[in-house]
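Comments concern the structure below.
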Number of protein chains: 2
Amino acid sequence: MNIDIRMAHLFSALSDDQVRQVMESSHTGTLKDGESLFETGDEANRFFLVIGGQIKLFRVSSNGDQKIIDIIQPGNTFAEALMFMEHPIYPVSAEALGPARVISFDNRRFLQILSESIDVCFRIMGTMSQRLRGLIKEIDDLTLQSATTRMCAMLLRRMEDVGAKQFTLPAAKGVLAARLSMKPETFSRILQNLSTQNILKTKSNEIQVLDEDLLRSLAHLESIYGLEPEKPCALKGNNVSIDLNQKTG
Amino acid sequence: MNIDIRMAHLFSALSDDQVRQVMESSHTGTLKDGESLFETGDEANRFFLVIGGQIKLFRVSSNGDQKIIDIIQPGNTFAEALMFMEHPIYPVSAEALGPARVISFDNRRFLQILSESIDVCFRIMGTMSQRLRGLIKEIDDLTLQSATTRMCAMLLRRMEDVGAKQFTLPAAKGVLAARLSMKPETFSRILQNLSTQNILKTKSNEIQVLDEDLLRSLAHLESIYGLEPEKPCALKGNNVSIDLNQKTG
DNA sequence: AAAATTGTTTGACAAAGGTCAAGCTGTAAA
DNA sequence: TTTACAGCTTGACCTTTGTCAAACAATTTT
């Protein structure tokens, strides 16, 4: 199993020799489903590269709820931004979503390499700046948008990733619900409503989009891409015909 | 008006000569209250340093609401993270909150300097990593916490900044409300409730904290710092004795 | 100082989501 | 295959926050 870590953007500018150096301080491990990698508040002197499975980053509220901040896919690094802090502490917890394989790297060692290569610095800064953008977008979603909007945006993203109107949900429904900051019940009800409106068909974890345009207008994509605010559309966003609690019918 | 831009963390590692170079491509400007600096979606080839007043960064939803992402104080830079992207686009809009003075810098020129100084690179990465941490914390607040919690956390932060139990709100109430992702009405009602509970006294924009402990437990600080979840406290967090809508009394 | 503007508070109400409890389904173990 | 368990769905109900409208306050303009 000779993996070239240069598949990760972060490492892509390293020379053969530098890769060798980095790998020296690395450690490859396998995680079982649900196994923890680190927790919020732990001292952070390593960062990670996912090479198989998925790692979920999350925070836990005082009442036990968890909000999933991100789900890291193979080929991606995470927690590398902490390297530059004085007393680095993981701001989130990380655990495997299903069985997973990760490589961990020593911050100090990597900083050393960094200090010799402006090129690698620039990569890192690029990665970090993308991540910043992603988080701002996330805040956007959370504050400016309703649960239905978030759901539709997620479905569209998935549809575009897969490139087909029919696809499987990328994780268990409960997990997706947490990712979208809603309860499983709400998730379920929204899907149910989208079905009723003939916007999509669902069969267990299979989704088939029937009315892409409607889905798209529910997802309010204008706001994300900064286009015109008011669209001449029968359903306008939140207070759509979609009724979550259609009281005793 | 000879300002040393090295007061900003970002520039603090520059040599005299580098400062001169950076300043060459800079432009200092004054903004009136509410004047716009750039808008979401604009091409981003400059970044900024606030030297007077405040700049608010915000996003606008399709129904016209604005969510304030951050309020930048004098001495701080913003939008510098975009410098590392392919086709940089401002992800937020920026405008002056009251009269303000800012210096803007050319991305390309600064990147050039950056490519000569690893030291400055490290500063930038430090700044970015702090900002990442801040945003994660923000997402936390937004999803895991109630409006009352956010309000209390803000008041405590302000109290600690000022170093006294009595202080002035750092901006108009409406602005603070947007910063905390709530409506002005909600903001008003929460303050009103905290008063009723004798947790604080308010007189226009002056706040006096009466019961710091209570305020602190309402702010749920445990979750932020990752301490024990359940505190043996009469008021536990959200569904506290504090009743927002104390039905027809 | 009076008028106009802008920001804040209050009340009645509506809507979106959360909570709790029960029932259902599908996979995995026995 | 039956059993067991985790995950999903559904219904009834509750809480939080938003909405709209009106009153009030505080500034600013004239």
Side-chain angles (χ1 to χ4, degrees), chain A residues 33-34 61 63-67 97-98 142-152 168-169 171-178 180-196 202-207 218 236-249, chain B residues 32-34 61 63-67 97-98 141-152 168-169 171-178 180-196 202-207 218 236-249:
Chain A
D33 180 31
S61 78
N63 54 65
D65 278 3
Q66 60 176 239
K67 154 66 182 154
L97 209 58
L142 289 174
T143 57
L144 269 24
Q145 324 235 353
S146 70
T148 302
T149 303
R150 274 176 270 145
M151 166 77 84
C152 293
T168 311
L169 289 175
K173 291 182 181 175
V175 172
L176 291 177
L180 298 176
S181 297
M182 62 182 84
K183 297 285 147 181
E185 291 95 326
T186 304
F187 187 96
S188 177
R189 287 191 243 261
I190 292 176
L191 261 192
Q192 155 71 16
N193 273 304
L194 293 174
S195 286
T196 307
T202 111
K203 202 200 166 188
S204 157
N205 270 27
E206 287 295 319
I207 302 282
L218 285 173
K236 31 175 262 166
N238 297 344
N239 354 341
V240 185
S241 44
I242 291 187
D243 244 324
L244 264 188
N245 316 317
Q246 61 268 67
K247 319 258 158 167
T248 34
Chain B
K32 283 197 267 294
D33 180 32
S61 78
N63 53 65
D65 279 3
Q66 59 175 241
K67 155 65 183 157
L97 210 57
D141 282 358
L142 290 174
T143 56
L144 270 24
Q145 324 234 354
S146 71
T148 301
T149 303
R150 275 175 269 144
M151 165 77 84
C152 295
T168 310
L169 289 175
K173 292 181 180 175
V175 172
L176 291 178
L180 299 176
S181 296
M182 62 182 83
K183 299 284 147 179
E185 293 94 327
T186 306
F187 187 97
S188 177
R189 286 190 242 262
I190 292 175
L191 260 193
Q192 155 70 15
N193 274 303
L194 293 174
S195 286
T196 307
T202 111
K203 201 198 165 191
S204 159
N205 271 27
E206 287 295 319
I207 302 282
L218 284 173
K236 31 174 265 173
N238 296 343
N239 355 339
V240 185
S241 45
I242 291 188
D243 244 324
L244 263 186
N245 315 317
Q246 63 268 66
K247 319 262 161 168
T248 35

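Order of the sequence lines fixes the chain letters, A, B, ..., with proteins taken first and strands second; residue numbering starts at 1 for each chain. What you see is a predicted model, and the numbers here were worked out from it, not measured in a lab.
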Report summary line: With five pairs defining each end axis, the helix from C/dA1-D/dT30 to C/dA30-D/dT1 comes out bent, to 10°, by 40°
Query raised in the report: Could you give the CG-to-P distance, from B/Leu180 to D/dG18, as a whole number of Å?
Result: 11 Å
**Report entry** Partners passing side-chain contact (heavy atoms from CB on, under 4.5 Å) against A/Ser204 (at least two apart in sequence or in another chain)
**Finding:** none
Query raised in the report: Considering only heavy atoms and no angle criterion, is a donor-acceptor pair shorter than 3.5 Å present between the side chain of A/Gln192 and the base of D/dC8?
Result: no
Report summary line: Between CD of B/Glu185 and P of D/dA23 the distance, given in whole Å, is 16 Å
Report task. Please state how far atom CG in B/Asp33 lies from atom P in D/dT27, giving the value in whole angstrom units. Result -> 15 Å
Query raised in the report: Who pairs with A/Glu185 by side chain to side chain donor-acceptor pair (under 3.5 Å), at least two apart in sequence or on another chain?
Result: none
Requested in this report: Give the rounded distance in Å between these two atoms: NZ of B/Lys183 and C1' of C/dC13.
Outcome: 17 Å
Query raised in the report: So which nucleotide from D/dT17, C/dT8, D/dC8 ends up closest to the side chain of B/Ala172?
Result: C/dT8
Report task. Taking the side chain as every heavy atom from C-beta outward, state whether A/Leu194 and A/Thr202 have any atom pair closer than 4.5 Å. Result -> no
Requested in this report: Can you figure out which of C/dT10, D/dG18, D/dT10 approaches the side chain of A/Ser188 most closely?
Outcome: D/dT10
Report task. Ignoring backbone atoms, test whether B/Thr186 places a side-chain nitrogen or oxygen under 4.0 Å from the OP1 or OP2 oxygen of D/dG18. Result -> yes
Report task. Quick one: list whatever passes side-chain contact (heavy atoms from CB on, under 4.5 Å) with A/Ser181, sequence neighbours left out. Result -> A/Lys67, A/Leu142, A/Arg150, B/Thr143
Query raised in the report: Mind checking what makes side chain to side chain donor-acceptor pair (under 3.5 Å) contact with A/Thr168, not counting sequence neighbours?
Result: A/Glu206
Report task. Please determine, for the side chain of A/Arg189, which listed nucleotide (C/dG18, C/dG17, D/dT17) has the closest atom? Result -> C/dG18
Query raised in the report: Mapping A/Ser204 and A/Met182 onto DNA chain C by nearest heavy atom, which one lands closer to the 5' end?
Result: A/Met182
Query raised in the report: Is there a donor and acceptor pair, one atom on the side chain of B/Arg150 and one on the base of D/dT17, closer than 3.5 Å?
Result: no
Query raised in the report: What is the distance, rounded to the nearest whole Å, between atom CD1 of A/Ile190 and atom P of D/dT10?
Result: 13 Å
Report task. Can you tell me the distance, in whole Å, between the CE atom of A/Met151 and the C1' atom of C/dG17? Result -> 13 Å
Query raised in the report: Taking CG from B/Asn193 and P from D/dT17, how many angstroms apart are they, rounded to a whole number?
Result: 11 Å
Requested in this report: Could you list the residues that satisfy side-chain contact (heavy atoms from CB on, under 4.5 Å) with A/Ala177, not counting sequence neighbours?
Outcome: A/Met182, A/Phe187
Query raised in the report: Nearest-Å distance, CZ (B/Phe187) to P (C/dT8)?
Result: 9 Å
Query raised in the report: Does OP1 or OP2 of C/dT9 have a side-chain N or O of B/Lys173 closer than 4.0 Å?
Result: yes
Query raised in the report: Hey, mind stepping through A/Leu191 and A/Ile207 against side chain to side chain contact (heavy atoms under 4.5 Å, CB included) and telling me if it holds?
Result: CA-CA 10 Å; A/Leu191 261 192; A/Ile207 302 282; 4.1 Å; yes
